[in-house]
Amino acid sequence: MGGKPGQPVQEQAREQILATLQFLHPPGGVFEICLIGPKAAASPHWEGRAGGKKPIVAGWFRDPEKAAD
């Protein structure tokens, strides 16, 4: 991952995610992010997520910054 020297990997990843979202989605448009079977532990941001063998987390966004977070 390219990034600024000394920049934490998590910040580099967020910058790349944000750049990708901005490239794929025009400003002001609505887009969905859907995770099927995420490996990470549940987040407090995942309100109402579906559990089970293949949990599903989805969200609709207008703001790429919020989606990247």
Acceptor/donor pairs from residues 22-35 side chains to any protein atom, 3.5 angstrom cut, sequence neighbours excluded:
none

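Closest approach of Ala67 and Leu21 over heavy atoms only: CB-CD1, 3.7 Å.
With sequence neighbours excluded, the residues forming a salt bridge (Lys or Arg N to Asp or Glu O under 4.0 Å) with Arg14 are Glu65, Asp69, listed by chain and number.
Taking hydrophobic clusters as Ile, Leu, Val, Met, Phe, Trp and Tyr residues chained together by side-chain heavy-atom distances below 4.5 Å, Phe61 does not share a cluster with Leu18.
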